[in-house]
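The structure under discussion appears below in the form of structure tokens.
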Amino acid sequence: MTAKTDMPSDFIRDIVAEDVRTGKYERIQTRFPPEPNGYLHIGHAKSICLNFGIAHEFGGICNVRMDDTNPTKEETEYVNSIMADVRWLISGWADKNIGGAPLYASDYFDRFYEYAVDLVRKCKAYVDDMSREQTDEYRRIGKESPFRNRPVEENLDLLGRMKAGEFADNTHTLRAKIDMNAPNVWLRDPVLYRIRHASHHRTGDKWCIYPMYDWAHTLSDYIEGITHSVCTLEFEVHRPLYDWILDALELPEPRPHQYEFARLNLTYSVMSKRKLIQLVNDKLVNGWDDPRMLTISGLRRRGMTASALRAFAYNIGITKYPSMTDIALLEHTVRNEFNRTATRRLAVLRPIKVELTNYPEDQVEELDAVNNPEDANAGTRKIPFSRELFIERDDFMETPPSKYVRLRPGGEVRLKYAYIIKCDEVIKDNAGKVTELRCSVDLESKSGGATSNRKVKGTIHWVSAAHAVDAEVRLYDRLFTVPEPDSASAASSGATGSAADFKSFINLHSLEVVTAKCEPSLAIAQPEERYQFERLGYFALDLDSTSEKQVWNRTITLKDTWAKEAKKEVRQPAGAIRQASYPAAETR
RNA sequence: UACCCCGUGGUGUAACGGUAACACAGCGCCCUUUGGAGGCGUUAUUCUUGGUUCGAAUCCAAGCGGGGUAGCCA
């Protein structure tokens, strides 16, 4: 219900709306330009939702364009994953707004080169023979290259020979001729082309010179008729160069314009591609689509829906302030959607056996259970009830704290959709671990029964032992133990002198695997369905599931106010210093 | 260091010169056959100092703080 349904509004959409009002462009055209050198993450999702959102709201098109101008970094595998992620994210929302996809900057290499020749002819670019180091140094001190004033014909000749492969890597560059004393370093004769004798994932060995980002990106936008080129803040200082290129080439209007917004930062996570790839390569997670990763594929596998991700992107808004968003907002968005849509089922994660001593031995009852109390149309189902059950180990305590409302020795509890039971006997093994409970049933207390309205404090979930279906359940938790793994690592490495990095804050309990007891109707669950295991959380089938064995991922727990209460009780002893070990209970 | 951008409750955002609001998080109560959901209440905000104005979160200046850039990466 907190999901806003009105049109989003932010400073970029305001600009677009104004441009629409004044008729500046025939049609609004945006683009999402990933470099195919890694998987997309939730930060990209923010950008996708913005760019496709604008296209969708203003009747325009958003191109997905691979920014593949560096042959040494890019791979086709990434192109495929990127497209799969984009299509999944916009599916059922902006499917009609995607431009024939995917597009590739590399498809424009010929035109980029023609523009470069044109720029040279206009005396606005030159071939530089300086070394990398010299180029950097001269740029820092604002000194002009000795090759800056070569005649046009010589530049043309050298550029042609660069393209023909006459020179080795790093020996020559094509540079824009702008202003070596510009306060903005990106205007100090930036490099437009560099030599790379390397095979490109699409153009193969056709080229040995490759365009730099600014040249390729600006011209790609122009070629595609992009109107609003929206990127993140780090490109802000490139904007004057973006505009310079369009001006220098004297390209006719309408021209694209660049606007920048702040990238997404989330607590308890790292976002940069560089760090995500480390987690994968160091095997701290099981691949890019590990459900603990905030990659789009990881989130999808975990059970997140595209609509929830979109709602999240909407909720966080678009600004230029470099913010740190609380991961709780993401969690809230997911719970908010799933509470309304997820089908309820009973499952016991950590079973403990219960025998109902006064319940007939061979009797099986089929009890009615509602599929979704939030959705009157979801209907009901039957669940079997019998003498031997499983309940959650956490739902019994021998010596519970004061406010505990679940089962205790001599205490009563309601079995959801069934009877009130009383714990008469606790059976333990030699180690003192509770192995079984003997309980008596109030046989009149069933829904509709004589004492069905009897109030007991607690209601717990259960599964009939004889009918239970075993399934593997993967319980995920936050991947990091500290709110800001990046800053924390910086701080601690300074203090200890050791090279502690973000990886030292990995939550070692971020994955727990259990064998759960599930109610029988869960056996026919499908991968795209979302379930709430009552009182536990939201779960979705993992792609590791087989016809023999189901594997469930816990997408997110239910909110657990008892966990907070329990922690307060533990804190009671004054002065007890408990270095907050990662509070697993909080998210369990 | 230089240049650029940004500063609104704990967090994310809104207010577009005219009563500072919404969501998350927190806290309290009610309700509950999910300690879920829901309902009610509550805590808490315009970085500082000047200026312009009848009136400033909003415009201007300076300071302070934060972020970005200074690859032949994108």
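Since the structure is predicted, the reported quantities are computational estimates derived from the model, not experimental observations.
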Measure distances between side-chain N and O atoms of [X] and base N and O atoms of [N], and say whether any donor-acceptor pair falls under 3.5 Å.
X        : N      : value
A:Arg335 : B:rG36 : no
A:Glu374 : B:rG36 : yes
A:Glu236 : B:rU69 : no
A:Arg535 : B:rU34 : no

Using a heavy-atom cut-off of under 4.0 Å over every strand shown, decide if [X] touches base, sugar-phosphate, or nothing.
X        : result
A:Arg196 : base
A:Thr267 : nothing
A:His217 : nothing
A:Arg239 : nothing
A:Glu35  : sugar-phosphate
A:Thr333 : nothing
A:Tyr193 : nothing
A:Asn170 : base
A:Pro373 : base

To the nearest Å, how far apart are [X] [atom1] and [N] [atom2]?
X        : N      : atom1 : atom2 : answer
A:His332 : B:rC24 : NE2   : C1'   : 7 Å
A:Ile556 : B:rG36 : CD1   : C1'   : 13 Å
A:Asp10  : B:rU13 : CG    : P     : 11 Å
A:Glu260 : B:rA74 : CD    : P     : 18 Å
A:Asn315 : B:rU13 : CG    : C1'   : 10 Å
A:Trp186 : B:rG68 : CH2   : P     : 15 Å
A:Lys416 : B:rG35 : NZ    : P     : 8 Å
A:Tyr259 : B:rG68 : OH    : C1'   : 20 Å

Using OP1 and OP2 only, check whether a side-chain N or O of [X] sits under 4.0 Å from [N].
X        : N      : result
A:Arg132 : B:rC73 : yes
A:Thr319 : B:rU13 : yes
A:Lys455 : B:rU33 : yes
A:Thr69  : B:rA74 : yes
A:Lys564 : B:rG26 : yes
A:Arg139 : B:rA2  : no
A:Arg194 : B:rC73 : yes
A:Ser323 : B:rU11 : no

Of the nucleotides [options], which has the atom closest to the [X] side chain?
X        : options                : value
A:Tyr321 : B:rC73, B:rA14, B:rG7  : B:rG7
A:Glu534 : B:rC72, B:rU34, B:rC6  : B:rU34
A:Pro322 : B:rC72, B:rG67, B:rU13 : B:rG67
A:Met212 : B:rA70, B:rC72, B:rC24 : B:rC72
A:Val185 : B:rU69, B:rU13, B:rG36 : B:rU69
A:Val237 : B:rG68, B:rG35, B:rA74 : B:rG68
A:Val191 : B:rA14, B:rC72, B:rA74 : B:rC72
A:Lys559 : B:rU34, B:rC6, B:rA37  : B:rA37

For the [atom1] atoms, the ones on [N] and on [M], what distance do you get once it is rounded to whole angstrom?
N      : M      : atom1 : value
B:rU34 : B:rA15 : C1'   : 39 Å
B:rA62 : B:rC54 : C1'   : 26 Å
B:rA21 : B:rU8  : C1'   : 11 Å
B:rC16 : B:rG71 : P     : 42 Å
B:rA14 : B:rC22 : P     : 15 Å
B:rG50 : B:rG55 : P     : 15 Å
B:rC6  : B:rG10 : P     : 23 Å

| query | Ion pair present between A:Glu236 and A:Lys320, side-chain N to carboxylate O less than 4.0 angstrom? | reply |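 Yes.
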| query | So, are A:Asp442 and A:Lys422 salt-bridged, with charged N and O less than 4.0 Å apart? | reply |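 No, this pair does not count.
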| task | Mark yes when over 12 heavy atoms from residues, nucleotides or ligands other than A:Arg13 sit less than 6.0 Å from its CZ; otherwise mark no. | result |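 Atom CZ in A:Arg13 is packed in, count exceeds 12.
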| query | Is the glycosidic angle of B:rG41 within 90° of 0, making it syn, or outside that range, making it anti? | reply |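 What B:rG41 shows is an anti base, its glycosidic angle lying more than 90° from 0.
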Under a 3.5 Å limit for both distances, which nucleotide forms a Watson-Crick or G-U wobble pair with [N], could you say?
N      : value
B:rG18 : B:rC54
B:rA23 : B:rU11
B:rC29 : B:rG39
B:rA2  : B:rU69

| Do the ring centers of A:Phe480 and A:Tyr268 come within less than 6.0 Å of each other? |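 Between A:Phe480 and A:Tyr268, the centre distance exceeds or equals 6.0 Å.
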Please tell me whether [X] and [Y] have a donor and an acceptor in their side chains that are separated by less than 3.5 angstrom.
X        : Y        : value
A:Asp221 : A:Tyr242 : yes
A:Thr343 : A:Gln532 : no
A:Arg345 : A:His461 : no
A:Glu35  : A:Tyr78  : no

| said: I want to confirm an ordering. Mapping A:Glu234 and A:Asp136 to their closest nucleotides on RNA chain B, which one lands closer to the 5' end? | reply: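 Mapping each residue to its closest nucleotide by heavy atoms, the 5'-most match is A:Glu234.
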| Toward the 5' end of RNA chain B, by each residue's nearest nucleotide, A:Arg188 or A:Arg406 |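 Its nearest nucleotide being more 5', the pick is A:Arg188.
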| message | Whether the side chain of A:Asp128 engages the backbone of A:Arg175 through a donor-acceptor N/O pair (distance < 3.5 Å, no angle test) should be reported. | response |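 Judged by distance alone, no pair lies under 3.5 Å.
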| A:Lys416 charged N/C atom sitting above A:Trp462 aromatic ring, 6.0 Å / 45° |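 Ring-cation test returns no.
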